[in-house]
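Report on the structure given below.
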Number of protein chains: 2
Amino acid sequence: MSFAPATETFQLFLNKVQVRSPLSAEEQEAVLRLPARPRQIAAHGEIVRLGEQVSHSCLVASGLVSRFSQMEDGRRQHISFHIAGDMVDLYSLMLPAAPSALVALTATTIFEIPHAALSELAFRFPALAAAFWRECVIDGNIVAQWLVSAGRRDARGRLAHLLCEMAVRSAQIGKYVDGSFPFPITQEQISDALGLTSVHVNRSIKALREEGLIQTSRGMVTILDWEALSFAGEFDPAYLHLPPLPRTEVRAVTV
Amino acid sequence: MSFAPATETFQLFLNKVQVRSPLSAEEQEAVLRLPARPRQIAAHGEIVRLGEQVSHSCLVASGLVSRFSQMEDGRRQHISFHIAGDMVDLYSLMLPAAPSALVALTATTIFEIPHAALSELAFRFPALAAAFWRECVIDGNIVAQWLVSAGRRDARGRLAHLLCEMAVRSAQIGKYVDGSFPFPITQEQISDALGLTSVHVNRSIKALREEGLIQTSRGMVTILDWEALSFAGEFDPAYLHLPPLPRTEVRAVTV
DNA sequence: CGGGCGATTGAAAAAGATCAAGAACGGTGG
DNA sequence: CCACCGTTCTTGATCTTTTTCAATCGCCCG
């Protein structure tokens, strides 16, 4: 098996960062030249253990990564999901003792970027320091929205909101096509993200499906009615600081 | 009415920051000299409206401030609580369009610190930039813990966890004495923080009281059994990055 | 003293959890 | 290509937690 070249992944990361923090050509260059060690993790494999002292941040090349907390009885709460181009634990630069664990939800490839290299960049280019800091703040915003979901939305609303979020983020890396995006995740994992049980998630998915809002098959989610779905989740994409979802004007021109 | 001098409040902020990020004498000095405009807000008064473009961060001098989100039907979800010495929206330095609103839960005094001054400090002293960035990350950690509560703890556990958190944070500013700390908040506001209804919060408080874990009166909470309370909330203070709670060895030496 | 907000309590309803079983799916080895 | 295995999905029935609705109480403040 071959690895996607790190450059492609860095470019995804850079694209996203630049939506929020414009960078000079030199700064972009510097990011692209960051050292990166590839690593593959099987589905359900732990990437970082709770409390572990890390000396690198993880950039997702492919797959799906989650940051999570675990209760004493083993129940989990996922705190955020990360797709290709996401620097999962950029915050670890400021807090090397992992405050939460990282797990691969599906088979995943990441690049490990040494903290030393990131710090050096942040020191050399104040604009990069600000950009990284800003990324951390936005990641925090996303967690805050998950809190709003868990605290104040019912099961259907939580699910709708999550799907909208992942759709917009997938779109940003070009993975949202004709209303469909990859979301290869078990219902059990979704339940641990939404603070529900897998049974109830199953029923909520069924509800959205029967209402004609979404469709699912083999790790792909298709949003059939964006208006209705974002309404159901009271989804306002502003907190993501990303470009809006491309309109899927015409579905299926080819018969 | 007179304002507490800003210096005292800055000192509280500095104390907390330095637990996590050691600063040189010069850096400390620079923080203490930051410009600060006092402002008083009545209970329930809005400090920052959603989406408002802000050009300063808010340092709490006294009272209780919350960051929150609001649903379309008016229901609220508090995202974090802030006490004296907390820079509530330090993140706004990186994201000036407020992603969530700020409200005073009780009568509150804050100091407004211009972003320009904060940025200038961050630029002049890389250690301060790192310290501020780290504060943002830790604030994010606290939100993540609230998410864990909302997602995976029952009402009693959520309440216990919140009280433990506020106790440790109060202790850090010297407001936790003999197991008691100020927490002048309505049950309605607590319910909006925990993702519950005020009725259910009332019943959960009653439960903790009847179990002999806590005691409440006139805006003060007394923790009668720290062991049991932190067990009930599965509270692990590590995420706060603060000194541990001082042991209240002897209660009531004076009869 | 009166008013209003916040606390408290009871009863009934709803959302979600739990328990249990069977079906579908995806990959593996023969 | 097929049979098999473990995982994930799906569904029903029942139980628990939390919400909702409504009424009363108490207390602080003007």
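Reckoned from all heavy atoms, side chains included, excluding hydrogens, waters and symmetry mates. Numbered from 1 within each chain, the chains take letters A, B, ... in sequence-line order.
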Tell me the interatomic distance from [X], atom [atom1], to [N], atom [atom2], rounded to whole angstroms.
X	N	atom1	atom2	value
N202(A)	dC25(C)	CG	P	13 Å
D154(B)	dG16(C)	CG	P	16 Å
E188(A)	dC25(C)	CD	P	20 Å
L194(A)	dA15(C)	CG	C1'	15 Å
L196(B)	dT19(D)	CG	C1'	10 Å
K206(A)	dG16(C)	NZ	C1'	16 Å
E210(B)	dT8(C)	CD	P	11 Å

Determine the contact category for [X]: base if any of its heavy atoms lies under 4.0 Å from a base atom, sugar-phosphate if only primed atoms, P, OP1 or OP2 are that close, otherwise nothing.
X	value
T186(A)	sugar-phosphate
I205(B)	nothing
R158(B)	nothing
R209(B)	sugar-phosphate
G219(A)	nothing

*Audit row: V60(B), V88(B), side-chain contact (heavy atoms from CB on, under 4.5 Å) steps and yes/no*: CA-CA 7 Å; V60(B) 181; V88(B) 179; 3.4 Å; yes
Whichever of R153(B) and Q187(A) has the more 5' nearest nucleotide on DNA chain D, that residue is Q187(A)
- Query: When only distance counts, do a donor and an acceptor, one from the side chain of R203(B) and one from the base of dG10(C), lie under 3.5 Å apart?
  - Reply: yes
Contacts of R218(A) and H200(A) projected onto DNA chain C by closest heavy atom; the upstream (5') one is H200(A)
Check whether any side-chain N or O of D192(A) sits under 3.5 Å from a backbone N or O of H78(A) as a donor-acceptor pair, and report yes or no. no
> Step by step, would you call L240(A) with Q145(A) a side-chain contact (heavy atoms from CB on, under 4.5 Å)?
Replying inline: CA-CA 10 Å; L240(A) 292 172; Q145(A) 275 305 314; over 6 Å; no
*How about W226(A) and F231(A): are their ring centroids closer than 6.0 Å?*
no
message = The test is side-chain contact (heavy atoms from CB on, under 4.5 Å); show your working for Q187(B) and V199(B) and say whether it passes.
response = CA-CA 8 Å; Q187(B) 297 180 356; V199(B) 170; over 6 Å; no
Ranking dT18(C), dT8(D), dG6(C) by distance to the side chain of T197(A), first place goes to dT18(C)
